[in-house]
Amino acid sequence: MAAKSQPNIPKAKSLDGVTNDRTASQGQWGRAWEVDWFSLASVIFLLLFAPFIVYYFIMACDQYSCALTGPVVDIVTGHARLSDIWAKTPPITRKAAQLYTLWVTFQVLLYTSLPDFCHKFLPGYVGGIQEGAVTPAGVVNKYQINGLQAWLLTHLLWFANAHLLSWFSPTIIFDNWIPLLWCANILGYAVSTFAMVKGYFFPTSARDCFPGEPCWLVPIPMAGQCKFTGNFFYNYMMGIEFNPRIGKWFDFKLFFNGRPGIVAWTLINLSFAAKQRELHSHVTNAMVLVNVLQAIYVIDFFWNETWYLKTIDICHDHFGWYLGWGDCVWLPYLYTLQGLYLVYHPVQLSTPHAVGVLLLGLVGYYIFRVANHQKDLFRRTDGRCLIWGRKPKVIECSYTSADGQRHHSKLLVSGFWGVARHFNYVGDLMGSLAYCLACGGGHLLPYFYIIYMAILLTHRCLRDEHRCASKYGRDWERYTAAVPYRLLPGIF
Ligand code: NDP
């Protein structure tokens, strides 16, 4: 089904003729207004198959000790039918439903009811009420940044339970892993559907939906069309509203991106480590490495939650199934595959292998953090800072927001941003590879993460560049001329 263009919808200009005039920036800032066949095919493929992909991986671990080809081989050779595999899959249980409800409610309470106190005693940490980036409508939203506090309190409770209270077994997450998957799917679909309905009927900031004309002037049945592509699947997947909120503070993007998924990430790994100890009476160095390297990434995320307000997820993406379901299901289930794999295969690495993995993970993290920090520092100080000990090279640029205001911005051409246009992604990829290498070479399954991240970040790179080209026009062309490579100098 081809997406039709809608009347009044600004058309996205091709990259060849980009300008940063008003129409172009309105059309391309945020997600696309028109859907090409490839995007539509990808959207439909993901909507149909992503839940099965997650199920397949988790089921392969549960029933085939993480051998990805196991189910296919069994079916092809007639040793099993789909119905046999399905019959062996644990269903949703009352216990899992209660656990999941309790978990999400607890995270909602931590998010909404406990203003941040960490910034009052942690030097260098920026929390509390912070401002996001300028939205396409020219609005600057305020956010209650308290993710680090939520993470700390949740983990404090986890360790208190493990060592003192004994309310539940630390293996509880592993023991209910598939029943919890059904609960996560229910929440993922519920929140995405709610966000879609809300986008049509009671958007939080109508101006961000339909630049130039308030939504309330648009007849309700037209509102979705006017605001978006007119393609149901694309709207559902990529989201309608830019910044859906309930009340003043419950921001869907901030909550679902960070919690419950990322707070859960480290708890899930801890539960896998506890299960490995229970089954094999020790925790292997590979499991320790996966726990430590991923914990660094998670803590970094919460320590820098304010910086995160300026990343693509918050600044540009709309809230739909991609973020809603992705944060509830894809992230906690597929980002934790290494720990799950190590429960079934307790890999103990040789010392050189373990040291190599640790170094790769730490160097990757260093590049990821320093690159992101350089851009953040540069933007916060408006270029009045030192990058690698020198005054940074700058490209001055400008763009127009939907309210017609002209804004000025700067692009950094020094530090890692002078090496390649997205060198921060390279650091992320090195860290991702380290988690996978910690699992040895026995199976493909733990390597899913690096394959996925390579596709995600390459696609993200292209998506971001398309948007920046439309937003900054010729100024962006000057940047690409100064820094010709996207990820790896000389290669891509
Ligand atoms: P970036 O942090 O690279 O942000 C891109 C934006 O930065 C652009 O849209 C532009 O925004 C601005 N920008 C681009 N070039 C420059 C420059 N030279 N100087 C100043 N500003 C510039 O991208 P993301 O938000 O995607 O990623 C943030 C981090 O999160 C990355 O390190 C990434 O690896 C990680 N990440 C991890 C994921 C995971 O699942 N683990 C998923 C996604 C990201 P503007 O409009 O403000 O100019």
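Ligands are counted one by one from 1 in listed order, and the atoms in each one are counted from 1 as well. FYI, the numbering just counts along the sequence from 1. Keep in mind the model is a prediction, meaning the values are calculated, not measured.
Less than 4.0 angstrom separates some heavy atom of Y479 from each of these atoms of ligand 1: 18 (N). Taking every heavy atom of C468 and a limit of under 4.0 angstrom, the matching atoms of ligand 1 come to 8 (C), 9 (O), 10 (C).
Considering both main-chain and side-chain atoms, N372 comes within under 3.5 Å of ligand 1 through a nitrogen or oxygen pair. For the pair K410 and ligand 1, the shortest N or O to N or O distance does not fall below 3.5 Å. For ligand 1, the polar-atom distance check against N424 finds a nitrogen or oxygen pair separated by under 3.5 Å. Taking any N or O of D428, backbone or side chain, at least one lies under 3.5 Å from an N or O belonging to ligand 1. Checked against a 3.5 angstrom limit, the closest N/O atoms of R379 and ligand 1 fall inside it. In terms of N/O distances under 3.5 Å, ligand 1 is approached by L412. Considering backbone and side-chain N/O of K471, one or more are found under 3.5 Å from N/O of ligand 1.
Remark: R245 qualifies as a cation-pi partner of Y143 under the 6.0 Å distance and 45° angle criteria applied to the six-membered ring.
The closest non-hydrogen atom to atom 6 (C) of ligand 1, taken over R463, K375, K310, comes from K375.
Taking the six-membered ring where the residue is Trp, the centroids of F272 and W177 are separated by under 6.0 Å. Ring pair F57/Y333: centre-to-centre distance not below 6.0 Å.
The part of M453 lying near ligand 1 is the side chain, judged by heavy-atom distances below 4.0 Å.
L340 is listed as a side-chain neighbour of I58, based on a closest heavy-atom distance under 4.5 Å.
In this structure, Y452 and F448 have parallel ring planes: the angle between them is below the 30° cut-off, well short of the 60° mark.
Residues passing the side chain to side chain donor-acceptor pair (under 3.5 Å) test with D382 are K410, sequence neighbours excluded. Contacts of N176 classified as side chain to side chain donor-acceptor pair (under 3.5 Å), with partners at least two apart in sequence or in another chain: none.
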